[in-house]
Each structure stands twice: as C-alpha cells, then as structure tokens.
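Since we're looking at a predicted model, the values are computed, not measured. What's counted below: heavy atoms across the whole structure, side chains too, no hydrogens, waters or symmetry copies.
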Amino acid sequence: MTWVLATILLPLVGAAVVAGMKKNDRLATLTALVVSLLTFLLVIPMWASYTPSGDRIQQKSSMDWIPNFGIHISFGIDGIALVMIAVIGLLVPIVVGALGLTDKLPAGRSAGGFLSLILVQEALTIAVFAATDVFLFYVLFEIMLIPMYFLIGGYGGANRQYAAVKFFLYSFLGGLIMLASAIGAYSLASDKLGKGSFDWETLVTVVRDAPLGTQIWLFLGFFLAFAIKAPLVPFHTWLPDAAGQAPIGVAVLLVGVLDKVGTFGFLRYCLPMFPDASKELAPWVLVLAVAGVLYGSILAAGQRDMKRFIAYVSIAHFGFIALGIFTFNEQAMVGSVSYMLNHSLATGMLIVVVGLIVMRGGSTRISDYGGMAKVTPLLGGMLLIAGLSTLSLPGTNSFISEFLVLLGSFVDYPVYTIIATVGMVLAAAYVLWLYQRVMQGPVRGDALIGAGGGPGTAMAPELGATKAIKDLGGKEIAILAPMVVLIIALGFYPKPVLDTITPSVQQTMSAVQGGK
C-alpha cells in the first residue's frame, strides 16, 4: 500500500468509527482529532519519498474497476498534488480542534455526525488530487460535493439550505459537462489506439494531437467545470453564499481546499491534454482572471459581513492564480501553484480568527465590532498576521507567490499584469480597513458580550463593559500556532515548496509547448 492510498483510507475508516459515537461528543472529537493528526503524519513519509526530479506521477497504485471500458481505480501524485494533500492534512486537524471554539453545533446535532462528514470530505478531497484515471477523477469530483452539501445544509446559518443547493447544483452541472468532454477524449483514444482509455497519461498523448477545433470543444467542457469550482468570474456566485452560510470549520475547507480543485484541474487536465486549445483561448481566460482580481477586490471592500468578505477576497486571489497559469510562463506558473498552498494557509487562518471573533461577539457583521484589540490583544495580533499574509506583505508566505506571478506574467502580458497590480493596492486597503473597523478605534459593538449580558446585548462604549470578553486561551493559541509558523517560515524560506513544485510545473510547460 502506498502512502497516498493510506492517507485516503485512514480518514474513511476514522469517519465510520466517529459516526457511531453520536452519544459521546467528547470521545468523537478526540477520535476525529487523532485520526486527522495521524493522516497528517502520513504526509511526512509521502513527502520524504517523493523525488522532485523523478517521474511526473509517483507512488502509483492501480486496480481494475470497469476493465471493459478501460476504467481503473488509479492514484498517484506529482509535486502539485503533493503540496495540496499536505495542506489538507494540516487544515483538517485545525478544523477538528477548533470545534466548539469557532462553531457551536445546532441543537440536536452530534459532534460525531459533523466530524464524520469532515473526515469523509478529507478523504475524498485527497483522492481527487491523487486520481490518475480521468473517469475516477470525475466520479470523485462529483461525490465530494455530497459531504460538503450536508455540512453546509445541516450545520450552516439561516439560509443554509439555499446556499447548499446552489453550491451543489453549480458544481454538479459543471461536472456533467466535464463528463461529456471526458467521453469525447475516450472516443479519440478508441479511434487512435483501437480501444478506449481513461488513463490520464494515455489521454495526454492521444488528445494533444487532435485537431484544434476538437481540442477547443473538449477543453471547454473541462474548463467550465474547473472555472466553477475555482471559482472564476462570472462563475463565482455560489461561493459568497456558501462561505457566508457554512460553519467556520467547513468554510476553512471550502475556501481553503476545495476551490483549489479547480485551479489544479487547469494544470493537470486542461493544459497537458489540450495544449493548442489552451494557448488559443488563453487571452479570454486572462480577461476573466484580471476581471476577477478587480471585481473580487472591489466587492470585498464593500462587504458588511466578515465571512462574505473572505469569499470575495478569495475570488480576487483565484484571479491571480489563473493569471499565472494561463500566461504559460514558468515563473508565473510556479507562483500560481505556490499561491494555491499559501492562499490555503492565509485564508484558513483568517477564517479561523474570524470564527473566534464571532464566537465572542455573536455576529458576523463588521459594524458590530470595534476596539477589540484593547481587550483581546492576542486575538488582534492573530487577525493582523492573517490579514498581512492575505495582502501578501513581504516576509509572509503569500508574497513570493504573488511576486512570481506578476514577474512572470509581465514578460508576455504586461497590460494584464499592470491591471492586476491594482488588486494588490486594493488588498492593502480592504484588509487594513477590516482590521481597523474590528480591532481599532473606540471599544464598541452591538453584538459583543457585555458584562453580564449575552449575544445580542449592546456593549457600552466604556472599556469596563467588555470585561466579559476573554482573549485567546491556550487551546486557541495551539490551533493558530502552526499556521503562524508556516506563514512566517515560508515567507522567509519558501525553497522546500518551490523545489517540490517546480519540476512538475516544468513538465506541464513541456506538454504545452509540445503542442502543434
């Protein structure tokens, strides 16, 4: 059994065990935490045994599924998949450990049910990144919507059902269109090889030689599914609703991990399989990318809800990622892949910190807060660190990613790059605006917990009325500490990540340049 397969199976087994602990929330939480930590520990030997200069796909495992149609249950990783699996392994223990600190389960709901869905989501997401059979990828792409649907619809906010259904329908429709293109690629393999195949490496060699018109139609099917998942403007409208209604822990996985399946799909499927179509349609994709940077930044600045604010910030960041991918520059593409990792860390921390604020104040509205840093200086510091990483301040993890994207993109697309830099200026404005409104100024907040009051009790402007609000405790610091360490460490020393992803990016670039 490979390390990849072990990281998929362990959370599934853990989910089955935790699901049976409906009457003991504490035991369920402890069990889920142990399982998620063990899964993360499996990533260490997986990373250690990966050879960046080796084959594109490593640690392979395969078994027949539907052999008459050339369908296999096949897994393997490249450097891009490896870093995404690693960040999943890191974030899930944080989500499990934060339960009760950032979220309260609805009345009548057990921690066992919630955490079992989290573990299933982890397993399916890892499997999506590791799948090397295109049909298996499609099946996992659709199935992973199910636990997320129940997590949003069963444990979210007041409009959770609407948000869950919208999320599901958007992604499911995109997946069906992708399936049509996958069948088209299968038919091309059947015509050329005498038998159909869904093996990714086989399809890359077959489909890349197809006529440009055929490539374009097949490319569009995959691209639409991934553009919805990413999401790119104008396919983004499900994200603010889903992120706004999802519980904090679920939002961490939704915005921090699941969205990366879209940008991963661009790199794994769209570019190597359809190189000529990718180059032909790249200018149109770049327009969407730059539009997403500006649109997401402007709308983020105008948000009144902290969770929707983070959703629009992410839309802007995904515009940067797409910009780096579709400029077909190695530096820019390396920047985009590292941005996928660093966005997960920065946004994951930002969402957790927002959850800690909301648990103290009882509201997600920005206007309900003010001057919290006077009362909770540690919490204020954590919000500042997460915010500075989000705006890509030098010395934080996101800086090198954004710098490489802009540096590489400017070579061939200076106009798009210059327009995108406006998003950097706007990022500084909206992040500092959020911090100033929530943490600085006079101490106030209509939804904060006043002395002797509860959620919804108006806070008096005097500092003394806020004594009931506590700063971060030991458990909360322990949850945030790994992300703080990585944000700073990768800000000053990103080499291990860059060395891991660069060979895979170079192989992707070779596939694109080898097109007709």
Side-chain angles (χ1 to χ4, degrees), residues 5-43 85 87-128 140 142-161 163-165 167-168 242-243 245-258 307 348 351-352 355-356 358-359 473-476 478-480 482:
L5 199 57
T7 60
I8 296 170
L9 294 177
L10 179 58
L12 288 177
V13 173
V17 174
V18 171
M21 300 178 178
K22 295 182 179 180
K23 295 183 179 181
N24 192 330
D25 286 355
R26 181 167 182 167
L27 181 60
T29 302
L30 179 60
T31 303
L33 183 60
V34 170
V35 170
S36 61
L37 286 172
L38 289 175
T39 303
F40 176 65
L41 290 177
L42 290 176
V43 175
I85 292 172
V87 80
I88 297 167
L90 173 68
L91 291 179
V92 171
I94 290 172
V95 168
V96 174
L99 183 62
L101 301 175
T102 58
D103 287 301
K104 287 184 178 179
L105 298 177
R109 300 277 184 166
S110 68
F114 178 83
L115 294 172
S116 64
L117 289 172
I118 292 290
L119 292 175
V120 170
Q121 189 69 66
E122 178 182 25
L124 293 176
T125 308
I126 292 173
V128 164
L140 293 168
E142 299 286 44
I143 290 179
M144 75 175 183
L145 303 177
I146 297 174
M148 184 57 66
Y149 169 82
F150 285 110
L151 285 167
I152 298 172
Y155 299 90
N159 295 321
R160 58 185 179 273
Q161 293 296 335
V165 170
F167 156 78
F168 185 89
Q245 295 300 314
I248 289 296
V250 177
V252 170
L253 299 182
L254 177 66
V255 181
V257 178
L258 260 69
K307 292 167 72 175
I351 295 173
V352 171
L356 296 174
V358 172
M359 283 294 284
K475 185 177 179 181
E476 293 166 321
I479 289 169
L480 293 171

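Atom CG of L12 sits about 11.0 Å away from atom OG of S116, to the nearest 0.5 Å. To the nearest 0.5 Å, atoms CZ (F167) and CG (L254) are separated by 6.0 Å. Interatomic distance, CD of E122 versus CD1 of I8, reported as 10.5 Å (0.5 Å rounding). Atom-to-atom distance recorded for L42:CG and L37:CG is 11.0 Å, nearest 0.5 angstrom. Once rounded to the nearest 0.5 Å, the distance linking CG of L30 with CG of N24 reads 9.5 Å. One distance of note links CZ of F168 with CD1 of I146; it measures 6.0 Å at 0.5 Å rounding.
A donor-acceptor pair is defined here as one N or O able to donate and one able to accept, closer than 3.5 Å; such a pair exists between the side chain of K307 and the backbone of A246. In this structure a side-chain-to-backbone donor-acceptor pair under 3.5 Å is missing from R109 to P106. Of the possible donor and acceptor atoms, one in the side chain of Q121 sits under 3.5 Å from a partner among the backbone N and O of M148. One N or O on the side chain of Q245 and one on the backbone of N159 form a donor-acceptor pair closer than 3.5 Å.
Taking the side chain as every heavy atom from C-beta outward, V128 and L124 never approach each other to under 4.5 Å. Under the 4.5 Å side-chain criterion, counting only non-hydrogen atoms from C-beta, Y155 is not in contact with D103. Between L101 and M359, the closest side-chain pair of non-hydrogen atoms is not below 4.5 Å. Between T7 and F40, every side-chain heavy-atom pair lies at or beyond the 4.5 Å cut-off. L90 is listed as a side-chain neighbour of P482, based on a closest heavy-atom distance under 4.5 Å.
The two residues P247 and F114 come nearest to each other via the heavy atoms CG-CE1, 4.4 Å. The minimum heavy-atom distance between V120 and A15, with the atom names listed, is CG2-CB, 3.5 Å. Scanning both residues, A251 and A243, for their nearest heavy atoms gives CB-O, 4.3 Å. Heavy-atom minimum distance, S36 versus V96: OG-CG2, 4.3 Å.
Paired with V257 under the rule side-chain contact (heavy atoms from CB on, under 4.5 Å), one option of V92, V95, T125, I85 passes, and it is T125. Screening L38, T39, V43 for a side-chain contact (heavy atoms from CB on, under 4.5 Å) with L41, the sole residue that qualifies is L38. The only option from I248, T29, D25 that meets the side-chain contact (heavy atoms from CB on, under 4.5 Å) definition with L99 turns out to be T29.
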Could you walk me through whether V250 and L117 pass the side chain to side chain contact (heavy atoms under 4.5 Å, CB included) test, one step at a time? CA-CA 10 Å; V250 177; L117 289 172; over 6 Å; no
